[in-house]
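Note on naming: letters A, B, ... go to the chains in the order of the sequence lines (proteins, then strands), and numbering restarts at 1 for each one. No hydrogens, no waters, no symmetry mates; every other heavy atom, side chains included, goes into these values.
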Amino acid sequence: MNKFAPSHGVKMSPAPELKATLTLPQTTFPMKANLPQNEPLRLAHWASISLYQELRKAGQGRPAYLLHDGPPYANGPIHLGHALNKGLKDFVVKSKTMAGFDAPYVPGFDCHGLPIEIKVDEKLGRKKLEMPVPSVLEACRAYAQKYVDLQTSQFERIGCFGRWQTPYKTMSRDYEARTLEAFYGFLEKGFVYRGLKPVYWCIHDRTALAEAEVEYDMHTSPSVYVRYRLTSAPAAIAPALAGRDVSTIIWTTTPWTLPASLAVAFHPDFEYVALAAGEGPDAPVYIVAAELAAQTAAACKLDPVTELARFKGAVLDRVTFQHPFLDRSILGVLATYVTADTGTGAVHTAPSHGADDFYTGQRYNLDSTCRVDASGHIHVDPEAWNHASPPAFDGLKVWAANPVIVAMLEESGALLAGAPLVHSYPHCWRCHHPVIFRATEQWFIGLETPVKRADGSETTFRQLAIEEIDKVIWDPAWGKERITNMIATRPDWCISRQRIWGVPIAVFLCEGCQQPIMSTELNRKITGLFEREGAEAWHTTDVASLLPTGAACAHCGGTEFRKETDILDVWFDSGTSWFAVCESDPELKPAYSAFQNGKGTECLYLEGGDQHRGWFHSSLLTSVALRGRAPYSHVSTAGWTLDEQGRAMSKSLGNGVDPVDIANRMGGEIVRLWVASVDFREDMAASENLMQRCAELYRKVRNTFRFLLGNLGGFDPIRDRVAEADLLPLDRYMLARTRDLAERILGWYKDFEFHRVYQAVNEFAIVDLSSFYLDVLKDRMYTFAPTSQERRSAQTVLWQIAESLVRLVAPILSFTADEVWEHLPSVEGREASVHLALFPKPEEIFSEDPAPLLNEWKQLFEIRDVAMQALEGARQEKKIGKALEADVEIRAIGETLDLLRSHANGLKEILNVSRVTVLDGAKLERSGADVFYTVSLASGTKCARCWNFMPEVGDYGIWQNVCTRCQSALTEMGIAPPQPTEAAQ
RNA sequence: UGCGGAGUAGCUUAGUUGGUUCAAAGCACUCGAUCGAUAAUCGAGAGAUCAGGAGUUCGAUUCUCCUCUCCGCAACCA
């Protein structure tokens, strides 16, 4: 409250003392936010009042809304993508909470997997080789926990609410047990089989390598052109070939794979030619791709050549050739990956030594058995070698076998050409030796497994998954098409990894027949063991203590068993979070169960678009397999964060924006504001510059709040609130406007259109409030008696706006809204934090339909806009300075005139001038327009107190030039004008 | 290469069952006002061939096709 405090003895004009009689804005809400310093204090405050627990308490009995968190990988500090992800989720959780839902949020962390294991490997170095497995696991666990803690603190720093004290972690004992239980579920329902798959293999380290562990480097290989003789009827390919000696030529850089050669692949759509090398009917004929014919002929020195026939590769399907040195028939196969830029267009295919080869082999039912052992030694297939002694390459390492095989080809005349080739080749990241492709035994989940629908009808796993996709809301809508395509075309899910940091595939295999023991009872026992001791138990407990005495293999009766040492794919871990968390956590279980039973409870997954192949995908498969339905009802996807030029953020470009750094320098609120400012469904640009923009907008919004608060001094909502019907027209209009804003914002929160909230709040704060309402209100707020009806009318609305806006903005500006909340006039029984409050109800802001009033004022604003132009013109001509120095005369006709006359009393205020006169334009000359303006220098004398130009301005005590309006205000305020004194003279 | 997405003022976003009310808003920028929101505030101005091209139409930013650029995911290099 302002108090009149005469400044005795100060020799100045009377003006400063008059100024002291004004009610200028006053608030303890600071202009400068100091976010980096103050946000941590507020976080500590929230922790001290256990805000998250309070929110859960407040949510009791409300309908539930579940947002299930996709776990970020715990191997580093958070980046902008994480901040975006968690920020959006926080907006959802907070807005749902304030919309009246019980929206618990249990964050999660993905902890197993290769990247962490590699990091730990690097740290342990050679020591790892001597360490027992549980000790290495312990190191992995500690490593992951370190980043769980770091990321937790970083997410909390940017204001994300959630159960951070007890998040879910895929490495927790419970979670590991549930993961294993889910695997057993697959096993028992018949989804799991063991099969071959080619993987990168390091023969030096004798281990499978993940793609991330492979680096490309230059390598010299012996490239060879090899003749494969046709054994099927040449005439079937082209009549011109009848009776000829026909071959094809393959090109390879890995001669050691030739013993595993089972097929030659041709592109079905390519043109192939049959070239006769030399003259006469006995000249050999070679089939190669037309486009590569000249190149191949040159490389193999075939000259001259004559084209005998030309045909599509498709005709070569299932022709047969003779293997160059083995007693084996080679099949002609078709494959679209055959290219026309290198080689001959005929690709030697060894299903056990290449990805493409493998899948082609599967299509043609070829044997994929790998005859290269873990250390890279070749063991020749005895069935394909009918000679007395094994071939020279038998038992050799693949690299050593290369020259032996080349020599053998040369001897038999199958070698047409050969030369060393330097090319990019995969190498082991650790030992830097070249790696090979090797078909190994793996565990798979079969997508074509027969399953039953809920109604009992038969279908396949793949098909059911696709049907369940259709029942989910995908936002944006194209996500449905995307994931459907992926599920429709994906191969079987390989769930095994030859690693240690993960959940073991805790299965016993018969030493005799390699079949797993299938026992529900045993599975339960092991799950229980995991619950008690964690996954380490699989490594520390010996076979005998787990297996029942006298256990025998159901297939072969064997009694010797070994533990499977593979672990589960990490995508299986996180993909079962709905099972390990939503179905198991007491806080989530009831709501999730209501969701699964179709009781209308939503379950939302919200992640980056990359998760269509990741978490959305793996979660869908596990839930469809185990529960027959999708694990979510709504999937929302975010785009990618890019830099200002639209490039992906990367370490090498150095164009990344570190959210933690932004939070420390500008405030977590600024990170949040950035998240809200962009349409997250598309790719988003971020940069220091854009963050700066957000910081500037922040200042504007904050300052608007500050002004609102500054004008609420002395206002007690209970005591001073003016009834809606008694409000001044302008104030009523602003209330209608606020209701309209609230309605729109509530709709946008519902649709996750946060950027529209951001835009609308900015625009409201800047246009409606700062540059219009608040500006125009200054005269009333400053000069009228504080308790006058006019001022209370405005305060009622300012208070209502502040109360509404602070709640509407709270999910995004979580720190600032709470700070504003504390500075609002206190009301008994209100919540301790804005986050415990609910969104305002539109009809409680303003009881009527706002549309008619908004429409009426829209016309008024059109008139105002033109009037402002006229004022600006006068200002440019230096006729006036500030608007109060002007009088405006408006002449209008018809409806416009009626409208103006009905608002006659408010026009002065709206235009912020000293006087507005409305005249009937019909009596005046017309020139096309409905409205005419005359702007003139205000008549009368400037009031020394309110700066309005008034006709009657006189003395009031020592004060000279005080208008009658101010005089009565001063009287109402009980301020006696000081009498002239010596000091004042 | 395949699947999917995006391209409206310097920036972030509006917009369109195709049409006089469609090229909009805020910010940033420039100029001006004010000095009673002052590490503030107010006003005005300029700024876009709606990625490019072709087509459908009386008329396209909006519909169709093509091209270019960028992004994600997956794959490939015998």
In whole Å, measure the gap between the P atoms of B/rU38 and B/rC22 for me.
39 Å
May I ask you to evaluate whether A/His612 reaches the phosphate of B/rA74, defined as a side-chain N or O under 4.0 Å from OP1 or OP2?
no
Under 4.0 Å between a Lys/Arg side-chain N and an Asp/Glu carboxylate O for A/Asp475 and A/Lys480?
no
Under the 5.5 Å and 30° test, is A/Trp640 stacked on the base of B/rG72?
no
Any side-chain N or O of A/Lys882 below 4.0 angstrom from OP1/OP2 of B/rG43?
no
Please report the distance separating the C1' of B/rU12 from the corresponding atom of B/rG7, rounded so that it comes out in whole Å.
15 Å
Mutual orientation of the aromatic rings belonging to A/Phe266 and A/Tyr272 [parallel < 30°, tilted 30-60°, perpendicular > 60°]:
perpendicular
Is a side-chain donor or acceptor of A/Thr344 paired with a backbone partner of A/Ile249 at a separation under 3.5 angstrom?
yes
Using the P atom as the reference point in each nucleotide, state the distance between B/rA51 and B/rA6 in Å, no decimals.
13 Å
Pairwise P distance for B/rU1 and B/rC76, with rounding to whole Å:
16 Å
Take the angle between the ring planes of A/Phe707 and A/Tyr782 and call it parallel below 30°, perpendicular above 60°, tilted in between.
perpendicular
For B/rC68, give its Watson-Crick or G-U wobble partner with both distances under 3.5 Å, or none.
B/rG7
Contact nearer the 5' end of RNA chain B, comparing A/Asp865 with A/Asn703
A/Asn703
Could you tell me how far B/rG15 sits from B/rA74 if I compare only their P atoms? Round to whole Å.
32 Å
If the C1' atom of B/rG2 is compared with that of B/rC63, how far apart are they to the nearest Å?
27 Å
Would you say the side chain of A/Thr704 and the base of B/rA37 hold a donor-acceptor pair, judged only by whether the two atoms sit under 3.5 Å apart?
no
Mate of B/rU61 across any strand shown (Watson-Crick or G-U wobble, both atom pairs under 3.5 Å) is none
Which residue, A/Thr254 or A/Arg699, contacts RNA chain B at a nucleotide closer to its 5' end, judged by nearest heavy atom?
A/Arg699
Quick one: look up who B/rC31 pairs with, Watson-Crick or G-U, both distances under 3.5 Å, and put none if it's unpaired.
B/rG43
Within the 6.0 Å centroid threshold, strictly below: A/Phe754 and A/Trp748:
no
Using only side-chain N and O atoms of A/Tyr337, determine if any of them is under 4.0 Å from OP1 or OP2 of B/rG2.
no
Inter-nucleotide P distance (B/rC11, B/rC58), Å rounded:
38 Å
Closer than 4.0 Å, any side-chain N/O of A/Lys778 to the OP1 or OP2 of B/rA37?
yes
OP1 or OP2 of B/rC11 versus the side-chain N and O atoms of A/Asn689: is any pair under 4.0 Å?
no
